[in-house]
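Let me begin by presenting the structure, written as structure tokens, before commenting on it.
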Amino acid sequence: MRANAMKRSLHYNRLLDAPSQPKSSSLATLSVRDTLNILINSAETKNIQLGKIIHAYIITSNPFSSYQVIENNALLNLYAKCGQLSLVQSLFDSMHKRNVVSWCSLMSAYFHNGYVSKVLELFMEVFRVDDVRPNKYVLSVVLSCCSEGRRVVEGLQCHGYVLKSGLEFHQYVKNGLLRMYLMCSLVGDAMKVLDYVPGSDAFTYNSVLKGLLDYGYINRALVVLRRMMDECLEWDNVTYVSVFGICAKSGDLKLGMQVHGRLVESGVEIDLFLGSAMIDMYGKCGQLSTAREIFEALNDQNVVSWTALLAAYLQNESFEETLELFLEMEVRGVVPNEYTYAVLLNSCAGLSALGCGNSLHAQVQKMGYTDHVIVGIALINMYSKSGHIEAASIVFANMIHRDSITWNSMISAYAHHGHGKEALNLFYNMLALEEKPNSITFVGVLSACGHLGLVDEGFYYLYKLMRDKGIEPELEHYTCILALLCNAGRLEEAENFMRTTKTNWDIVAWRTLLNACYVHRNYTLGKRVAESVLQMNPDDVGTFVLLSNMHAKAKRWDGIVKIRKLMRERNIKKEPGMSWTQIRTSTHIFVSDDNMHPDTAEIHEKIRDLLAEIKPLGYTPDISCALHDVDEEQKESSLRYHSEKLAIAYALLKTPPGAPIHVIKNLRMCDDCHSAVKLIAKVTKRVIVVRDINRFHSFRDGYCSCADYW
DNA sequence: ATAGGGTTAG
């Protein structure tokens, strides 16, 4: 078929180029069949020049020929294929005679150029034309428009017409109906079409699989897949894309590998769509190297396959590698799109790399991607995780389109930063704008209540508002309530809440209670809770550290010795304290009690000056935070060289007055550093943001955003 | 002469 078209093409090109044969004379002899063949072929090769020549020929040939409508229809199709919408419309307008094919071609042209409403208008108009009735071809196009435009009312009307005219048994029409229901979120109706209209092909099943996958109905998708196999329908590359999507979403590597095996045996070609889906699946199932192999094996790579690979690195927390890989992508001349930037910004968020995030933000603006929802969310996430909550809120305020995930991101960002009031305000705005909150919204809301000490409100949201909104509280919500009680110092109630609430409390919840026991100095309960945690995980480092700190606060040095012995026996090592900060483009890492940094002498001097400056304001070293295995004299000096103090002193030395300072720390910030940094922020008139293992501390003028609870 | 399904983000 294709070979014949090629032959025809060569023949006519030669015909037109031949100098000895005047073009007009050779064209004048064309039969209707020849004309149509040229037009079909030109449409395939998008040869608009040749099409225009034929157009002229048709005009000058017999205008009253009954074949002219067919020739013009073919020409409509050619112009449509070449994206010349205005030529399609003017030719259609000029046609003396039109039939249903003319209308269908016109509608199809508008559909493929995104004019959904225009197609629906034309569909109404066609009913007013005598002797033209919409056929299965027209319904296919119109149903596609209803799908793309989520036009549920028109879609239902189409279904009515389909039933009345008996078109529902046409395969394309059935599939069109099915897809219309899926795209309009009427999954039940789509399944009815599948079940009650006889005859399904691979397209039918592919649409259903994709739809169920999009709505997260993984098990139902697997049932449908089983049915497709029972009907012995061949899987094509589109089927494989959906099936790998199912594996990716459910994280089912075993199934993924089985499907991969089937694919290899089937001989179905791995095109870019399928390749990207496979990279995505292996990435989401934690198989980074296999994802990479699939990528390398692709014949060519485009922005989507690149982004799928970058996303795989991001999802496996290889943030730096993601950013490095992006450089390679740029070298290869692949232009990033909004998805790529979302992945990159989230990698920066993972690293708290504000500098890199800032330059990506500039690129995003230059490329014109700022108004994409996913980019906005990624920017909010990046700024928030880099400690720049103000910048995050500016991005949010400037967004044109916001969906519920956008609202959730901003509410959670405020909550993480201890800005409870802002988080709750946003939540009320969200409700006022009738944006539907979901389970994640309430995690943010409940943790905001925790920061504000709003115990009663927290319980009201948990037991009343969530149920009103049809959301069942889950472990995460209960943990928020637990933290709320802990934060308010109501530890007995917290313990009681854990006992009486039926949920599978995890180690995170127990650690929350344990941390509260430490902060509120309730050591009796603390010991009990620590035992519970260690029952769940005998090697939980955080628990040993907290227990040890508790004993230090109570000056129970013998207790500390016991804990250290236990840790040695179990071969548990406390991670060394590390902090890092970015100065211009380079990241400086500081390790507690370590002189590795070349500017150590200068840094130590700066710390001595700062401590001398804040002493008159009430700073006294908190010996309980010092190393336990050194003598008393050394304890006070060891405090000075905690990694966050080193990093902050260095940043103060290397940044201009008034510039905010951002430090990331791998452990929980200690009490001594916390009270010192509050005062350092005051005397240096700087905003100092420290991201520790649990949350953000924004120090400003002698106060911290965590309100001294962390 | 006119019609259909798919990849990357949160």
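Just so we're on the same page: letters track the sequence lines, and every chain starts at 1.
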Under 4.0 angstrom, heavy atoms only, what part of the nucleic acid is A:D236 near: base, sugar-phosphate, or nothing?
-> base
Please work out which of the three classes, parallel, tilted or perpendicular, describes the rings of A:Y79 and A:H55, given edges at 30° and 60°.
-> tilted
Near-strand residues of residues 72-79 of chain A, defined as heavy-atom separation under 4.0 angstrom from DNA chain B = A:N73, A:N77
Any side-chain heavy-atom pair from A:N175 and A:D201 closer than 4.5 angstrom?
-> yes
Looking at A:R227 and A:D195, does any basic side-chain N land under 4.0 Å from a carboxylate oxygen?
-> yes
Charged N to carboxylate O below 4.0 Å: is that the case for A:R179 and A:E148?
-> yes
Report yes if a donor N or O on one partner sits less than 3.5 Å from an acceptor N or O on the other, where the partners are the side chain of A:N99 and the base of B:dA1; otherwise report no.
-> yes
Would you classify A:L314 as touching base, sugar-phosphate or nothing, given that sugar-phosphate means primed atoms plus P, OP1 and OP2, and contacts are heavy atoms under 4.0 Å?
-> sugar-phosphate
Touch check for A:I405, heavy atoms < 4.0 angstrom, all strands: base, sugar-phosphate only, or nothing?
-> base
Select base, sugar-phosphate, or nothing to describe what A:V173 touches, counting heavy atoms under 4.0 Å on all strands.
-> nothing
Heavy atoms under 4.0 Å, any strand shown: does A:K81 hit a base, just sugar-phosphate, or nothing?
-> nothing
For A:Y339 and B:dA9, say yes or no: do the ring centres fall under 5.5 Å of each other while the ring planes differ by less than 30°?
-> no
Out of A:E293, A:H260, A:R292, which one pairs with A:Y282 under the side-chain contact (heavy atoms from CB on, under 4.5 Å) rule?
-> A:H260
Under 4.0 Å: is that the gap between some side-chain N or O of A:R179 and OP1 or OP2 of B:dG6?
-> yes
Touch class at under 4.0 angstrom, heavy-atom based, for A:N408 against every strand present | nothing
A:D201 (side chain) and B:dG4 (base): donor-acceptor pair under 3.5 Å | yes
Passes side chain to side chain donor-acceptor pair (under 3.5 Å), A:H372 versus A:Y339? Steps please.
-> CA-CA 9 Å; A:H372 285 94; A:Y339 290 89; over 6 Å; no
Aromatic A:F92 / basic A:R98 pairing, under 6.0 angstrom, 45° off normal = yes
Using a 4.0 Å heavy-atom cut-off across all strands, classify A:Q315 as base, sugar-phosphate, or nothing.
-> sugar-phosphate
Between B:dT7 and A:K210, is there an OP1 or OP2 to side-chain N/O distance shorter than 4.0 Å?
-> yes
So what does A:E338 touch, heavy atoms closer than 4.0 Å: a base, only the sugar-phosphate, or nothing?
-> nothing
Just to confirm, is there a sub-4.0 Å distance from OP1 or OP2 of B:dG10 to any side-chain nitrogen or oxygen of A:K385?
-> no
Going by 5.5 Å between centroids and 30° between planes, is there a stack of A:Y172 over B:dA3?
-> yes
Heavy atoms under 4.0 Å, any strand shown: does A:V141 hit a base, just sugar-phosphate, or nothing?
-> sugar-phosphate
Do the side-chain N or O atoms of A:H170 get closer than 4.0 angstrom to the phosphate oxygens (OP1, OP2) of B:dT2?
-> no
Below 4.0 angstrom from OP1 or OP2 of B:dA3, is there any side-chain N or O of A:S108?
-> yes
Pair of N/O donor and acceptor under 3.5 Å linking B:dG6 base with A:D271 side chain = yes
